[in-house]
Amino acid sequence: MHRVAVLVLEDFATLDLGVPGQVFWAAEDGGPLYEVVTCTPDGGPVRTRAGYSVVPDHDLGVLATADTVVVPGIHGGPPIEDGTLDPRVRDALREAAGRSRLISICTGAFVLAAAGLLDGRPAATHWRNADRFRSLFPRVRLDPEVLFIDDGDLLTSAGVAAGIDLCLHVIRRDHGSEVANRTARRCVTPPFREGGQAQYIERPVPDPAGTTTAPTRAWMLENLHEPLDLAALAAHARMSIRTFTRRFREETGLSPARWLTRQRVEHARHLLETTDLPVDLIARKAGFGTGVSLRQHLHAAVGVPPLAYRQTFRSPLTEAGRPGAAALR
């Protein structure tokens, strides 16, 4: 069974701590797929601002046994205040990085960055902390607009609920969309959320004139196989192209073209994982037209061509209880 170790630090974010235990616990395929354990630097209690403490079963030693290490967000402390980290935690994370997958939720990215693990790599954190993060860790390629970033052995997410998105993504990467979708249903959450953090960033209230783009987005999902250009989308929404583009970005955090491409890639991935359809037919059903176009977009999204993707996600589980997801790194 894949062991997930959650490292909890003082002043931790309460929901961030609960997410890994709930989501990974809910992932099953004829039996549990993950074991979740919790630790603190010394095995002692740590406190949250919500008025209570948690007492874990383990100290840092358990990280040596983990396949995945998760660092929940923190509301304060040295990593956020001055970019430093308890040497014990820093060393334990660095050692774990050589053998385990590391994940941070929300401001947990500050912890990974303070350990020197994110230098030169892309990362996400809560949009409200982006300026602070950049000032402390200028070597990290921060993207404050996405919900999460998968950089192979290091994955980081935006705030709070984005941790759920990232955990579901990890399950999908490990065991395929069918298991991830079942897990999402069990957790009563969408298996995939549209857009990025941009839709949640505080900004002036948009002009109330006009209507939402939600009906057009639903129409787009029903017609992914059709050639949907911006003029057709704006006409369906009964807006000018300029108004439609602006409102679409306000509501989703993405341009219409980028959102549509993402949905087409997700649909193609689903078909590759769950059917034996030829690549060229999947390309047409997903709206890419040709297998060459699908290969280009899929490679840009996950780094592998369609057949390799299909083989990875439809291969039998290894004795360790997970497929060869290393092919996507």
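Taking both residues in full, the closest heavy atoms of Ala286 and Ala268 are given as CB-CB, 4.0 Å, listed atom of the first, atom of the second, then distance. Shortest non-hydrogen contact noted between Gly21 and Val36 is CA-CG1, 4.0 Å. When all heavy atoms of Pro20 and Val70 are compared, the pair lying nearest together is CG-CG1, 3.7 Å. Here the closest heavy-atom approach between residue Ala113 and residue Phe133 is recorded as CB-CZ, 3.8 Å.
The 12-atom threshold is exceeded at CG of Asp42, counting heavy atoms of other residues, nucleotides or ligands nearer than 6.0 Å.
Cluster membership for Phe137 and Leu154, using ILVMFWY side-chain heavy atoms within less than 4.5 angstrom, is shared. Val170 is connected to Ile164 through a chain of hydrophobic side-chain contacts under 4.5 Å among Ile, Leu, Val, Met, Phe, Trp and Tyr, so both are in one cluster. Hydrophobic clustering keeps Val89 apart from Val6 (ILVMFWY residues linked when any side-chain heavy atoms are closer than 4.5 Å, directly or through intermediates). Each of Phe110 and Leu147 belongs to its own hydrophobic cluster when Ile, Leu, Val, Met, Phe, Trp and Tyr are linked at side-chain heavy-atom distances under 4.5 angstrom. Leu33 and Leu155 fall within a single hydrophobic cluster, where Ile, Leu, Val, Met, Phe, Trp and Tyr side chains are chained together by heavy-atom contacts under 4.5 Å.
A 4.5 Å side-chain heavy-atom check between Thr261 and Arg258 finds every atom pair outside the cut-off. Counting only heavy atoms from C-beta outward, the side chains of Leu272 and Leu298 approach each other to under 4.5 Å. Using a 4.5 Å heavy-atom cutoff, the side chains of Trp219 and Leu228 are in contact. Contact annotation: the side chain of His225 approaches that of Asn223 to within less than 4.5 Å [non-hydrogen atoms, C-beta and beyond]. Pro79 has its side chain within reach of Ile74: a pair of non-hydrogen atoms, C-beta onward, lies under 4.5 Å apart. Looking at Thr189 and Leu168, their side chains come closer than 4.5 Å, going by heavy atoms from C-beta outward. Between Leu17 and Thr38 there is a side-chain heavy-atom pair separated by less than 4.5 Å. Annotation: side chain of Tyr34 is not in contact with side chain of Thr68 (no heavy-atom distance under 4.5 Å).
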Inset, instruction - Go through the steps for Thr243 and Ser240 under the test side-chain hydrogen bond (donor to acceptor under 3.5 Å, both in side chains), then give the verdict. - result: CA-CA 5 Å; Thr243 299; Ser240 69; 3.0 Å; yes

Legend entry - Verdict with supporting geometry, Asp29 and His175, side-chain hydrogen bond (donor to acceptor under 3.5 Å, both in side chains): CA-CA 9 Å; Asp29 190 15; His175 300 286; 5.8 Å; no

Inset, instruction - For the pair Thr274 and Glu178, evaluate side-chain hydrogen bond (donor to acceptor under 3.5 Å, both in side chains) and give the outcome as yes or no after the intermediate values. - result: CA-CA 8 Å; Thr274 59; Glu178 185 176 352; over 6 Å; no

Inset, instruction - Begin with the C-alpha distance, continue with both residues' side-chain angles, and end with the deciding distance and a verdict on side chain to side chain contact (heavy atoms under 4.5 Å, CB included) for Gln296 and Val292. - result: CA-CA 6 Å; Gln296 292 173 343; Val292 172; 3.9 Å; yes

Legend entry - Derivation and outcome, side chain to side chain contact (heavy atoms under 4.5 Å, CB included), residues Glu95 and Leu63: CA-CA 9 Å; Glu95 291 176 9; Leu63 298 189; over 6 Å; no

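Once rounded to the nearest 0.5 Å, the distance linking CG of Leu60 with CG of Asp86 reads 8.0 Å.
Judged by distance alone, the side chain of Arg310 and the main-chain N or O of Pro306 form no donor-acceptor pair under 3.5 Å. Side-chain N or O atoms of Thr290 include one that pairs as donor or acceptor with a backbone N or O of Ser293 at under 3.5 Å. Under a 3.5 Å cut-off, the side chain of Arg182 and the backbone N or O of Glu28 do form a donor-acceptor pair. No donor-acceptor pair closer than 3.5 Å links the side chain of Thr213 to the backbone N or O of Phe248. Listed for the Arg90 side chain is no donor-acceptor partner under 3.5 Å among the backbone atoms of Ala114. A donor-acceptor pair under 3.5 Å links the side-chain atoms of Arg132 to the main chain of Ile80, judged by distance alone. A distance-only check finds no donor-acceptor pair linking the side chain of Arg186 to the backbone of Ala27 [under 3.5 Å]. Not one N or O on the side chain of Thr40 forms a donor-acceptor pair closer than 3.5 Å with the backbone of Val8. No donor-acceptor distance shorter than 3.5 angstrom exists from the side chain of Thr107 to the backbone of Gly73, with no hydrogens or angles considered. With Thr125 contributing its side chain and Cys106 its backbone, the two residues share a donor-acceptor pair below 3.5 Å.
Under 3.5 Å, the side chains of Asp150 and His169 contain a donor-acceptor pair of N or O atoms.
Between His270 and His267, the ring-plane angle classifies as parallel under the 30° and 60° cut-offs.
Ion pairing between Glu250 and Arg246 holds under the 4.0 Å rule for side-chain N and carboxylate O.
Of the candidates Arg101, Arg121, Arg99, Arg173, Arg121 is the only one forming a salt bridge (Lys or Arg N to Asp or Glu O under 4.0 Å) with Asp153.
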